[in-house]
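Report on the following structure.
Every chain is numbered from 1 and lettered A, B, ... according to where its sequence line falls, protein lines coming before strand lines.
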Amino acid sequence: MSQNHLYLVDGSGYIFRAYHQLPPLTNPQGQPVGAVYGYTAMLWKLAAELGAAEGPTHMAVILDKGSHTFRNDMYDQYKAHRPPPPEDLVPQFPMIRDATRAFSLPCIEEAGFEADDIIATYTRAAIAAGWHVTIVSSDKDLMQLIQPGVDMYDTMKNERRGPDYVMGKFGVAPEQLGDVLALMGDSVDNVPGVPGIGPKTAAKLITEYGDLEKVLAAAPDMKPSKMRDNLIEHSEMARLSRRLVELKSDMALPEPLDALTLKGIPEAPLRAFLEHQGFKALLNRLSGGAAKVAPTSLTQDAAAAPAPPMASPVAAPVAPIDRSAYETVVTADALDRWIAAAHGEGIVAIDTETDSLDSTSARLVGISLATGPNAACYIPVGHGGTDMFAEKPEQLPLDTVIEKLRPLLADDSVLKVGQNLKYDMTVLARHGITIAPFDDTIVMSFDLDAGKSLAGHGMDEAARVHLDHICIAFKDVVGSGKNQISFAEVPLDKATAYAAEDADVTLRLWTIFKPRLHQEGATRVYELVDRPLVPVIATMERTGIKVDRDHLSRLSGEFADGIAALETEIHALAGQPFAIGSTQQLGAILFDKLGLKGGKKGKSGAYSTDVTILEKLKAEGSEISGKVLDWRQLSKLKSTYTDALQAQINPVTGRVHTSYSLTGAQTGRLSSTDPNLQNIPIRTETGRQIRHAFIAEPGNVILAADYSQIELRLAAHMADVPALREAFAAGEDIHNRTAQELFGTVNRDTRGRAKTINFAILYGISRWGLAARLEIGADEAQDMISRYYERFPGISVYINETIEKARAQGYTETLFGRKTWFPRITAPLQHERQGAERAAINAPIQGTSADIIKRAMVRMGPALEAAGLDRVKMLLQVHDELVFELPEGDVEAASAVIRTVMEGAAEPMVKLSVPLGVEIGTGPSWGAAH
DNA sequence: AGACTCACG
DNA sequence: GACGTACGTGAGTCTT
């Protein structure tokens with residue numbers, strides 16, 4: 001038979017906490033019900049766990065009855081100073097019993113005992129019967145009961161707590177907690193304790209001496225101090241305190257254990273209660289069917305599944321999406337109700353709607369929230385007003401909404417869920433809002449499914465794949481092309497359907513992804529690498545980098561002149577004018593008209609005119625080819641960089657704000673768009689001038705910190721190549737070392753070839769590819785590869801093992817556990833398969849490098865702050881490089897911190913057998929910092 | 001929309 | 001015998 005699992009709900013404890021954490025709400029009868037709402041939402045959440053693995057089979061709500069207990073007989077001052085409960089809480093106490101009855105749950109209270117004692121008694125009885133117990137409470141006294149088979153569950157923080165939690169919070173094991181509590185006392189309950197001893201000292205003493213009696217016995221021999229005197233003087237108070245905090249676990253059971261069996265939750269009484277109280281969001285969900293919970297019996301499958309540490313998603317079928325259940329929030333009362341619902345659930349999905357895709361300039365138009373399936377709303381704040389004749393729809397003032405939401409979004413006890421929260425964080429940061437703690441479903445999806453045959457991790461696709469649901473398309477709401485309107489002009493009913501659906505879908509995706517993260521081993525990379533990076537990236541985007549418009553404009557002019565001159569020369573050489581940018585026309589001129597050799601290529605049958613062909617023709621003496629190459633370079637630089645970049649300068653900040661994607665590159669790298677600041681020229685002197693346009697504010701400098709050869713170092717570690725490892729450890733030039741090993745001699749030529757081969761290895765080499773790069777025969781290239789494998793044993797083993805692993809399990813992994821899937825690794829077509837194999841060889845190396853720099857970025861802010869360097873700003877990431885702007889005077893101190901953080905970024909999760917090297921440069925511009 | 005080319009790591 | 005030649009990106013231009 002399945003393991004019985006008893007949930008004991010500390011109802012009295014909960015109601016006080018809910019009362020203080022939730023905004024005041026009133027029911028249709030005008031009675032205050034904020035705490036009742038929180039309590040109801042909590043029971044709802046517990047009910048949703050029925051049937052889940054580790055979910056309850058038995059449940060009871062335990063309440064205090066009366067105020068006089070046996071502890072008062074023991075000590076008349078016990079709880080003597082406790083103020084009477086607030087006026088508007090008192091009438092809510094009986095309603096708690098109504099709520100409990102509405103869920104058809106037993107409600108247990110016993111005169112003369114506190115709820116804690118009843119809980120302790122049932123816990124002991126259940127353990128004796130071989131059951132598991134979960135105590136739903138956050139009361140520290142109850143933590144004494146934690147033991148194997150007994151945990152605590154804080155529904156507001158959505159946290160399960162075991163012995164580790166007690167150890168972390170109090171520094172002792174649960175069985176020693178009573179002694180610690182006795183020493184430290186409790187001012188709220190008026191447990192005296194020993195004066196001058198707080199939690200830290202109490203834990204230290206108990207750890208050192210074992211228990212309270214031993215501490216008291218040892219006191220006279222302690223070195224003279226106030227503490228020693230206090231321990232001696234107040235030893236009797238300490239002993240009394242010990243008895244007061246002791247939980248009484250040997251009462252007679254008011255109800256037998258079997259009476260607590262859960263049989264399911266009949267809908268009718270629950271519906272009547274919810275209607276009476278006006279709890280609309282919960283009613284919506286009841287209609288949806290989420291609460292029609294099956295009778296509880298743990299299935300074998302459920303019992304076998306590993307229990308996630310957080311609340312399990314609803315095991316019963318979730319209600320299909322019903323847009324008619326969404327609410328448009330236009331009154332303060334309604335907003336309060338949603339905020340209370342979020343507090344009650346401990347989780348809320350959020351999405352912002354704006355009038356632009358550019359998060360750094362977008363204006364907030366509305367916010368949607370979801371607290372459960374179909375329990376979603378839209379709060380318009382900026383609709384209308386774009387047309388002076390149009391009437392603005394009724395909506396809450398922006399400031400009101402911001403002020404009400406700010407505490408919720410920063411509240412530790414409510415998890416915020418969003419799809420691409422980086423965007424919302426950036427938009428809301430301008431209103432002084434911080435979002436924490438949070439989960440981001442786009443990042444979760446990426447960490448689970450990178451590389452799987454999905455087009456991406458966007459919400460529309462995720463909803464289709466995981467929820468079998470088609471979301472309202474954005475363009476169906478705002479139109480497209482010249483008829484497109486701003487979201488601010490969308491009528492509220494349409495806006496609500498669209499926006500609330502986004503929040504609803506986001507929360508549903510979360511319930512799917514969250515347990516998958518644990519089951520599929522993606523929690524580490526998600527929680528330690530990618531999720532903490534989200535706010536870091538949001539801040540970098542918001543900071544931007546200053547760009548010298550005049551410098552770019554001057555370059556544009558110079559490039560234009562160069563382009564014009566080359567155009568004239570090229571047309572003269574061709575004997576006719578033509579569009580040089582058209583590969584078709586260029587091919588016709590070069591190969592048909594001028595008769596140069598170089599065949600057709602590609603399925604289109606067009607001539608190839610790329611850089612390798614033109615270089616070759618140039619080497620053979622074709623003047624026009626050289627000119628076309630120069631023309632192309634200048635055109636590229638002008639159109640893609642000098643012109644486009646000027647247009648990207650934000651008029652308000654005078655800086656360029658790129659957007660980073662955390663989910664764009666399959667390997668885990670970031671990518672940069674609008675504009676892409678990860679491909680600013682550097683390789684040619686002409687292109688490099690563009691980097692000089694990226695400058696620091698007066699009095700500041702740009703600092704660039706690069707990992708040196710990080711991918712080769714990782715290859716040396718991961719493939720375990722002794723010769724390479726030694727070379728890196730000794731600080732040798734790695735390409736020289738390779739040249740020495742392969743060719744027996746080091747000169748410019750052999751070093752260049754060695755460098756090519758080193759990179760080729762990282763990318764999954766083929767003899768033809770290497771042959772083309774080195775302009776040698778395939779046989780000669782094959783010899784070289786064989787020699788490489790011979791000199792660097794480990795490489796070929798790594799390659800074979802990586803491909804094997806990818807084929808067997810479908811994915812590769814980085815040192816930090818990031819997965820990249822390779823569905824095509826079993827493709828029937830050889831070239832497809834080989835392509836996947838090469839990518840699979842590269843992914844663990846490129847991905848580990850990405851993990852490392854991401855961890856450096858996450859740690860950088862706190863490390864700089866700890867060093868008092870809060871004026872140092874991280875601006876850009878370019879795969880193996882971080883770019884900062886900082887006051888000139890901070891250069892020395894900041895360099896040291898940056899180097900330490902970057903070089904140590906892998907630890908302690910991963911211990912590398914090669915050192916990570918970082919090169920740092922500074923200057924007035926990015927160009928000068930290299 | 002897709003091919004081509006080319007900028008970066 | 002044909003395939004198509006190194007991994008990962010994003011943007012601009014031309015063509016369909």
Once you apply a heavy-atom cut-off of 4.0 Å, does [X] come out as touching a base, just sugar-phosphate, or nothing?
{"X": "A:S661", "value": "nothing"}
{"X": "A:T609", "value": "sugar-phosphate"}
{"X": "A:I680", "value": "sugar-phosphate"}
{"X": "A:S672", "value": "sugar-phosphate"}
{"X": "A:Q666", "value": "sugar-phosphate"}
{"X": "A:A644", "value": "sugar-phosphate"}
{"X": "A:A772", "value": "nothing"}
{"X": "A:G687", "value": "nothing"}
{"X": "A:R838", "value": "sugar-phosphate"}
{"X": "A:I682", "value": "sugar-phosphate"}

Exercise. Compare the ring of A:W768 with the six-membered ring in the base of C:dT5 and state whether they stack (centres under 5.5 Å, planes under 30°).
Key: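 Here the ring of A:W768 and the base of C:dT5 are not stacked, as the 5.5 Å and 30° limits are not both satisfied.
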Quiz item: Does the salt bridge (Lys or Arg N to Asp or Glu O under 4.0 Å) test come out yes or no for A:R787 and A:E790, once each step is laid out?
Solution: CA-CA 5 Å; A:R787 198 151 62 221; A:E790 229 168 80; over 6 Å; no
Of the options [options], whose atoms approach the side-chain atoms of [X] most closely?
{"X": "A:N679", "options": "C:dA11, B:dA7, B:dT5", "answer": "B:dA7"}
{"X": "A:H879", "options": "B:dT5, B:dA7, C:dG8", "answer": "C:dG8"}
{"X": "A:Q585", "options": "C:dT15, B:dT5, C:dG8", "answer": "C:dT15"}
{"X": "A:Q846", "options": "C:dG12, B:dC4, C:dC7", "answer": "C:dC7"}
{"X": "A:Q584", "options": "C:dT16, B:dC8, B:dG9", "answer": "C:dT16"}
{"X": "A:N842", "options": "C:dG8, C:dT5, B:dC4", "answer": "C:dG8"}
{"X": "A:N676", "options": "C:dA6, C:dA11, B:dG9", "answer": "C:dA11"}
{"X": "A:R683", "options": "B:dC6, C:dG8, B:dC8", "answer": "B:dC8"}

Quiz item: With both distances under 3.5 angstrom, what nucleotide forms a Watson-Crick or G-U wobble pair with C:dA2?
Solution: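 Base partner found: none.
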Quiz item: Watson-Crick or G-U wobble partner for C:dC14, using a 3.5 Å limit on both distances?
Solution: B:dG2
Over how many whole Å does the gap from [X] atom [atom1] to [N] atom [atom2] extend?
{"X": "A:K636", "N": "B:dT5", "atom1": "NZ", "atom2": "P", "answer": "12 Å"}
{"X": "A:L590", "N": "B:dC4", "atom1": "CG", "atom2": "C1'", "answer": "15 Å"}
{"X": "A:L634", "N": "B:dT5", "atom1": "CG", "atom2": "C1'", "answer": "15 Å"}
{"X": "A:D610", "N": "C:dT13", "atom1": "CG", "atom2": "P", "answer": "19 Å"}
{"X": "A:I841", "N": "C:dG8", "atom1": "CD1", "atom2": "P", "answer": "11 Å"}
{"X": "A:E832", "N": "C:dC7", "atom1": "CD", "atom2": "P", "answer": "13 Å"}
{"X": "A:E881", "N": "C:dT9", "atom1": "CD", "atom2": "P", "answer": "20 Å"}
{"X": "A:R767", "N": "C:dG4", "atom1": "CZ", "atom2": "C1'", "answer": "14 Å"}

With [atom1] as the reference atom in both, quote the distance from [N] to [M] in angstrom, rounded to an integer.
{"N": "B:dA3", "M": "C:dT5", "atom1": "P", "result": "13 Å"}
{"N": "B:dC8", "M": "C:dG4", "atom1": "P", "result": "28 Å"}
{"N": "C:dC3", "M": "B:dC4", "atom1": "P", "result": "15 Å"}

Quiz item: Reckon A:T640 has a side-chain N or O less than 4.0 Å from the OP1 or OP2 of C:dG12?
Solution: no
Quiz item: With respect to the phosphate group of B:dA3, does any side-chain polar atom (N or O) of A:T583 fall under 4.0 Å of OP1 or OP2?
Solution: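 No, outside the criterion.
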Quiz item: According to the interplanar angle, ranging from 0 to 90°, do the rings of A:H457 and A:F446 count as parallel (below 30°), tilted (30 to 60°) or perpendicular (above 60°)?
Solution: perpendicular
Quiz prompt | Donor-acceptor pair between A:Q576 and A:K593 side chains, under 3.5 angstrom | solution =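 A:Q576 vs A:K593: donor-acceptor pair found between side chains.
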Exercise. Please figure out whether A:R669 or A:P675 has its closest DNA chain C nucleotide nearer the 5' end.
Key: A:R669
Quiz item: Start at the 5' end of DNA chain C and walk down; is the nucleotide closest to A:L770 or to A:Q648 reached first?
Solution: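 Its nearest nucleotide being more 5', the pick is A:L770.
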Self-check item: Minimum heavy-atom distance A:Y526-A:D447, with the two atoms named
Solution: CA-OD2, 3.2 Å
Quiz item: Is A:K854 salt-bridged to A:D530, going by a charged N under 4.0 Å from an acidic O?
Solution: yes
Quiz item: Between A:E813 and A:K819, is there a salt bridge with N-O shorter than 4.0 Å?
Solution: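 No, this pair does not count.
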Quiz item: Taking the side chain from A:S672 and the backbone from A:Y660, do they hold a donor-acceptor pair closer than 3.5 Å?
Solution: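 Looks like no, no N/O pair under 3.5 Å.
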Quiz item: Just by modelled atom types, is the A:T543 backbone N or O under 3.5 Å from a matching donor or acceptor in the A:R655 side chain?
Solution: yes
